[in-house]
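Small disclaimer: the values here were computed from a predicted structure and weren't measured.
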Amino acid sequence: MARSRMRDIAARLGVSEAAVSFALNGKPGVSDDLRVRVRRVADELNWRPHAAARALADSTARAVGLALCRDDNSTSGEGFFIQFMAGLSSGLESESMALVLQIVPTVAEEVEVYRRWWTERRVDAVVVLNLIKDDPRPAALAAIGCPAVLVAGPYAPTGHSTVSVDDAAAMRKIVGHLAEQGHRRIGHVGGPAELDHAELRRSSLAREGKRAGIRTTTARTDYSERAALRATEALLRRKDPPTAIVFDNEILTLAGLAAISAAGLRVPEDVAVISWEDGAICRLATPPITALDRSAQLLGRHTATAALRLLDRSAGVESEVELQPELLIRASSNFAKRLTN
C-alpha cells in the first residue's frame, strides 16, 4: 500500500499542499475549520508524518536514548526493566518520538555511548537509570550539553530532570506493616552498596527500625540468585535470626524462598517475606508474596513525560516527579498469630 502524502490530503480537500502543512503542523495562516477537516482526512487516509523529513526540518533526532548497564549473565530485575521500557516507549510514541536502546557492560562504556549518540545527533535526550556513588554520567552529559532525565532518588545531582519512587516512604510502609504483625527483627536482602537506591533502602530500614524499636540487618548482594541464597542462609543462621525478610526484587525473593524452605522453615509462620517489586512470581507463589506495587510502567510513562517537557524549551529545564508505591499485603506477611520474641 502506497504511503499517503500531504498532496493526497490537499487533493481530497481541494486546497494547497502548503495549507495542509500549516494545518498539520499547528502553524498560523489557516482557519480552525480547515484544521479539523485536514486532520479528519489525514486519519481517513492513515497519513503519518515522515520521521526523517520531520527531523530534518526541525534539526532533531526525534528520539530519546536509554543505555542499560547490564551484566550479560544477570537476569535480576528483568521484569522491572521490561515494564519500565514499555511505559517509556508508549509515552514517547504519543509524540512520535522513538526510543533508542543499547545494552552496555560498564558505566564507562555507557558514557561513551551517550557521547557518540549526541555527536551523531541520534538522540535529543537520554534517560539514566541506577545512579551510583560519585556517578560520572550526570557530569559527562552536562559537559556535552545532552539533556537527561535521571531516574533517581534524593541523591540525584541538581541541573537535571528527575523521576523517582519514594523508597523512604515505601520502607516506612513495610516496617509499619511488619511492626503491626508483631515482628521485632527484620532482615533485608538488598543490592550493592554503590547503588544509590540500595543505600537509601538500607538507611531507611535502619531509621524506621530504630523508630519502631525493631532490630534490622542488611545483607548486600550483586542481585544474583546465588548471592541471594547465601545472604538469606546467613541471615537465618544468626543467633537471633530475623522473623521477617525484605527482598529487593522478585528474583532475590524467589531465591530467598528456596533458602527458607531448605532450612525447614515456613512462610509466614516462621519467616514473613516481602518483595520490593511485584510481579507474577509474587502473585503465583505459595503463599502469595506481599509486595510493593512500584508500577514500573507508570514510572516509564512519567519518565517519558519528563523527557518531552525537557525538550520543550518553554517548559523550563528541571522537573521532579516522585511516585508513591503501595504495599500489596498478601499471605506471606499477614499471619494472624502475634509474635512474642
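Neither Val165 nor Trp276 shares a network with the other; the hydrophobic side chains, linked directly or stepwise wherever heavy atoms of I, L, V, M, F, W or Y lie under 4.5 Å apart, form separate groups for each.
Asn249 and Glu277 form no side-chain donor-acceptor contact under 3.5 Å, judged by distance and modelled atom types alone. A donor-acceptor contact closer than 3.5 angstrom links the side chains of Asp222 and Ser224. Ser333 and His177 share a donor-acceptor pair across their side chains, judged by distance under 3.5 Å alone.
Proximity of Leu299 to Leu323: side-chain heavy atoms (C-beta onward) are separated by under 4.5 Å at one or more points. A 4.5 Å side-chain heavy-atom check between Val149 and Val64 finds every atom pair outside the cut-off.
Note on residues 226-237: no pairs pass side chain to side chain donor-acceptor pair (under 3.5 Å), not counting sequence neighbours.
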| query | Yes or no on salt bridge (charged side-chain N to carboxylate O under 4.0 Å, His left out) for Arg62 and Glu95, after CA distance, side-chain angles and deciding distance? | reply | CA-CA 9 Å; Arg62 301 207 61 78; Glu95 295 296 326; 5.4 Å; no
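Rounded to the nearest 0.5 angstrom, Arg39 CZ and Ile9 CD1 are separated by 7.5 Å. Atom CG in Leu178 sits 12.0 Å away from atom OG1 in Thr216 (nearest 0.5 Å).
For the side-chain contact (heavy atoms from CB on, under 4.5 Å) criterion with Ile289, the lone passing option out of Leu257, Asp278, Ile281, Ile274 is Leu257. The one candidate from Arg201, Arg202, Arg172 that meets the salt bridge (charged side-chain N to carboxylate O under 4.0 Å, His left out) condition with Glu208 is Arg172.
A distance-only check finds no donor-acceptor pair linking the side chain of Ser89 to the backbone of Met85 [under 3.5 Å]. Judged purely by atom type and a 3.5 angstrom limit, Lys210 has no side-chain atom pairing as donor or acceptor with the backbone of Leu205. Within the 3.5 Å criterion, the main-chain N or O of Ala258 finds no donor-acceptor partner in the side chain of Ser261. Although no hydrogens or angles enter the test, the distance criterion places a donor-acceptor pair under 3.5 Å between the side chain of Ser204 and the main chain of Leu200.
Using bins of under 30°, 30° to 60° and over 60° for the plane-to-plane angle, the ring pair His197/Tyr223 lands in the parallel bin.
Counting heavy-atom neighbours within 6.0 Å of Arg238 CZ, excluding the residue itself, gives a total of 12 or less. Heavy-atom contacts from other residues, nucleotides or ligands closer than 6.0 Å to CG of Asp240 number more than 12.
Between Glu44 and Arg12 there is a salt bridge, since a side-chain N of the basic residue sits under 4.0 Å from a carboxylate O of the acidic one.
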